[in-house]
Amino acid sequence: MDAIEAKADEKKVENIMKAAQIHLVVSTLLVTVTFAAGFTLPGGFDNDPNSSHKGTAILIKNAAFGAFVVTDAIAFACSAGTMFMYFIMAEEIRASKSYGQVYPLIWKLYNDALTLQLLAMFVVVIAFVTGMYATLSRSAALASIVCVIGCTSFLVYFWVYIRAIKNDMKNEQSGER
């Protein structure tokens, strides 16, 4: 490998790691929030000292609550997996003798982590909406409004994604990439 290729690989890896640092902050925040949500469940816990169900979730039989628990766990697992991938990326770079040698693995891990992080970001919205719905179920109108507002984030995600694709296509046509 010549010096020009080595420098190009180094730049690619550095750019990936800069982006990964930002993504790691998002992953860490999502792990923290989903972990906390798992222990501060919507609706709270049965704290009646005479109850045989003391300490269990009050809304345990509510379908929306069940959806909240599952989606919260998925978001937690995806974000934790993402954090682990970024950790492995950093270790691989540290242990590598050349960027060219490690670049293919870093690129693969980065894309896999990005996929998991995007999944976590989608699923955490579902967790939020289902958790709110479970606690607001006595007011169908309010619960429905919260669901609609929460689900508009998917439209925002889609809009931002389409704009990014259009921008990439425009840059490719003008030769800026």
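The basis for the numbers below is simple: all heavy atoms, side chains too, and nothing from hydrogens, waters or symmetry mates. Quick note: residue numbers are just sequence positions, from 1.
- Atom CD of E14 sits about 6.0 Å away from atom NZ of K11, to the nearest 0.5 Å.
- The aromatic rings of F122 and Y157 stand perpendicular to each other, their planes meeting at an angle above 60°, with 30° marking the opposite boundary.
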Walk me through it: do Q117 and L30 pass the test side-chain contact (heavy atoms from CB on, under 4.5 Å)? CA-CA 9 Å; Q117 191 59 52; L30 276 175; 3.1 Å; yes

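- Atom CD1 of I93 sits about 9.5 Å away from atom CG of L109, to the nearest 0.5 Å.
- T56 contributes a side-chain N or O that, together with a main-chain N or O of H53, makes up a donor-acceptor pair within less than 3.5 Å.
- In the hydrophobic clustering of this structure, F87 groups with F76; members are Ile, Leu, Val, Met, Phe, Trp, Tyr whose side-chain heavy atoms approach within less than 4.5 Å, directly or through other members.
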Go through the steps to decide whether V123 and C78 satisfy the test side-chain contact (heavy atoms from CB on, under 4.5 Å), and finish with yes or no. CA-CA 9 Å; V123 175; C78 288; over 6 Å; no

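- One hydrophobic cluster, built from ILVMFWY side chains closer than 4.5 Å, holds both F45 and L59.
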Quick one, Y99 with I106, criterion side-chain contact (heavy atoms from CB on, under 4.5 Å). Give me CA distance, side-chain angles, the key distance, then yes/no. CA-CA 9 Å; Y99 285 108; I106 297 302; over 6 Å; no

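- Under a 4.5 Å side-chain heavy-atom cut-off, the cluster of Ile, Leu, Val, Met, Phe, Trp and Tyr residues that includes I4 has no other member.
- At distances below 3.5 Å, at least one donor-acceptor pair connects side-chain atoms of T130 with backbone N or O atoms of A127.
- The distance from the OG atom of S52 to the CG atom of D46 is 8.0 Å, given to the nearest 0.5 Å.
- The CD1 atom of I145 sits 11.5 Å away from the CE atom of M132 when rounded to the nearest 0.5 Å.
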side-chain contact (heavy atoms from CB on, under 4.5 Å) between V124 and T34: does it pass, once the steps are laid out? CA-CA 8 Å; V124 81; T34 55; 3.9 Å; yes

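- The same ILVMFWY cluster, assembled from side-chain heavy atoms under 4.5 Å apart, contains both W107 and L116.
- At a threshold of 4.5 Å between side-chain heavy atoms, the hydrophobic network of Ile, Leu, Val, Met, Phe, Trp and Tyr places V33 and I126 in two separate groups.
- Y103 and I88 fall within a single hydrophobic cluster, where Ile, Leu, Val, Met, Phe, Trp and Tyr are joined by side-chain heavy atoms under 4.5 Å apart, directly or via other members.
- Applying the salt bridge (charged side-chain N to carboxylate O under 4.0 Å, His left out) definition to pairs two or more places apart or across chains, none involves residues 123-145.
- Residue F128 qualifies as open at atom CZ: its count of foreign heavy atoms under 6.0 Å is 12 or below.
- With sequence neighbours left out, Y110 forms a side-chain hydrogen bond (donor to acceptor under 3.5 Å, both in side chains) with no residue at all.
- Within a 6.0 Å radius of CZ in F84, other residues, nucleotides and ligands contribute 12 heavy atoms or fewer.
- Note that the CG atom of N111 and the CE atom of M85 stand 10.5 Å from one another [nearest 0.5 Å].
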